[in-house]
Q: 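My questions will all concern the structure given below.
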Amino acid sequence: MKKGFILAGLITLFSAASALAHFQMIYTPQSALERGGELDMRLIFTHPFDGDHTMDMGPVEEFYVIHQRGEDGDATKTDLREYLSEISWKSHDNEGKAYAAKIPSRVMRSMGDYVFVLVPSPYLEGDDEYIKQYTKMIMNVGGVPGNWHEPVGLPVEIVPLDKPYANWTGGVFRGVVMANGEPVPHAELEIEYLNYEPDLRRNAFKKRPGIRKAPHPAFESMEIRANASGEFTIGLPKAGWWGIAAPDLIETEYKDIDMVKEAVLWIQVTDIK
Amino acid sequence: MKFRKLLTVPLAIGFMSLPLTAMAHTPLFSCFDNADGTIYCEGGFSDGSTAAGVPVIVKNGKGEEIQRLVLSRTSDIEFEKPKGNYSVLFDGGEGHRIEIPGSQIFE
């Protein structure tokens with residue numbers, strides 16, 4: 001009986017820890033480009049701080065980019081699913097099904113903002129809950145801004161208040177958590193540093209971490225809360241990619257099982273040289 | 001009188017700062033070779049404001065003007081690729097000019 005309680009407790013603890021660190025990634029090495037061109041990306045569902053367990057992604061429901069050059073420019077949406085190919089991504093302790101995306105230069109040629117959106121199929125966590133992370137990653141070509149601050153219109157999303165591709169180390173990043181088009185007061189947020197640089201040639205995380213050791217688990221996936229208007233501000237202490245996730249924004253059902261809709265936004269931080 | 005002086009100084013500073021603020025954006029210009037005998041160019045500013053109506057001047061290898069064009073409503077333009085050496089100038093006015101040599105215009 002006692003053993004049963006301990007086991008149940010361990011399972012609960014494990015589930016809680018795992019749930020805190022799941023991040024759907026849209027990765028490419030550089031988000032602020034001087035010139036457009038062909039782009040190599042990876043879509044990975046993983047644990048960015050520890051670079052450990054990578055989850056198998058199911059079929060991609062939606063993967064597209066919205067391009068806009070100039071504040072008053074026309075926004076154009078391009079479906080990118082035809083450029084996806086299945087890969088196996090190597091984490092430190094397993095391999096998981098992921099996707100490579102080779103975006104041709106004709107899609108990324110013009111100056112302006114490129115808002116990449118990924119809607120993965122729901123991921124079954126254990127036996128009793130699906131997770132669906134609506135993920136955005138925003139790039140720029142040439143320095144002409146466009147739609148980086150516009151909501152895409154997803155059921156859940158993080159809308160930037162600062163350019164996600166133009167952040168100095170030591171600065172701050174602000175955003176708004178939205179669900180069903182409305183800000184989410186006091187939304188929970190998890191922030192994680194992409195601690196192991198992805199090696200696109202090997203489809204694997206590199207071995208050397210950016211942060212050698214977190215002093216405490218609370219530093220690995222940092223939990224904060226938005227304010228009463230759904231807005232948040234985070235400090236940016238280190239160059240690289242930072243993932244921002246807003247979990248459990250909408251609770252619904254999928255195949256008669258509970259499902260949570262979550263929002264993820266990736267931002268890139270650059271050292272002053 | 002003293003009040004008027006106090007009012008005049010901030011007003012003057014305000015007016016002086018207006019053109020500076022307006023000029024704080026950076027012009028941006030980019031051209032591509034469409035590989036079909038035409039060149040595509042697009043312009044903009046770092047604050048996202050439009051470059052529609054900005055003159056674009058195509059020059060030959062000697063720096064002589066061979067075509068004078070204007071960026072469209074969508075801040076872009078397409079024109080026939082000149083033969084030989086050429087360059088394309090985005091003429092956004094004083095301090096807002098960018099010239100791209102044809103040798104740096106790729107597909």
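By convention in this document, chain letters (A, B, ...) are assigned in the order of the sequence lines, proteins followed by strands, and residues within each chain are numbered from 1.
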Q: Taking side chain as everything from C-beta outward and backbone as N, CA, C, O, which of these in Cys31(B) sits under 4.5 Å from a heavy atom of chain A? Side chain, backbone, both or neither.
A: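 For Cys31(B), backbone heavy atoms alone lie under 4.5 Å from chain A.
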Q: For chain A, find which of Ala52(B), Gly43(B), Ala51(B) contributes the most heavy-atom pairs closer than 4.5 angstrom.
A: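 If we count pairs closer than 4.5 Å to chain A, Gly43(B) comes out on top.
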Q: Does CG belonging to Asp40(A) count more than 12 external heavy atoms closer than 6.0 Å?
A: yes
Q: If you look only at distance, which donor and acceptor atoms sit under 3.5 Å apart when one is on a side chain in residues 198-205 of chain A and the other is two or more places apart or in another chain?
A:
unit_1	atom_1	unit_2	atom_2	d
Asp199(A)	OD1	Arg201(A)	N	3.0
Asp199(A)	OD1	Arg202(A)	N	3.2
Asn203(A)	OD1	Arg42(A)	NE	2.6
Asn203(A)	OD1	Arg42(A)	NH2	3.4

Q: Taking only heavy atoms into account, what residues of residues 63-78 of chain B are found under 4.5 Å from chain A?
A: Arg73(B), Thr74(B), Ser75(B), Asp76(B)
Q: Of all the heavy-atom pairs spanning Ser46(B) and Lys163(A), show the shortest one and how long it is.
A: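 Where Ser46(B) meets Lys163(A) most closely, the heavy atoms are O-NZ, 4.2 Å.
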Q: Just wondering, do Phe45(B) and Glu71(A) contact through their side chains at under 4.5 Å, heavy atoms?
A: no
Q: What are the two closest heavy atoms between Asp47(B) and Pro145(A), and how far apart are they?
A: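 For Asp47(B) versus Pro145(A), the nearest heavy atoms are C-CG, 3.8 Å.
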Q: Got a sec: does the CZ of Arg106(A) have more than 12 other heavy atoms crowding it under 6.0 Å?
A: no
Q: Phe29(B) versus chain A, heavy atoms under 4.5 Å apart: side chain, backbone, both or neither?
A: backbone
Q: Give the minimum heavy-atom separation between Glu42(B) and Arg109(A), together with the two atoms involved.
A: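 So the two residues come closest at OE2-O, 4.4 Å.
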Q: For chain B, which candidate among Gly36(A), Ser105(A), Ser110(A), Gly112(A) shows the most heavy-atom pairs at distances under 4.5 Å?
A: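 It is Ser110(A).
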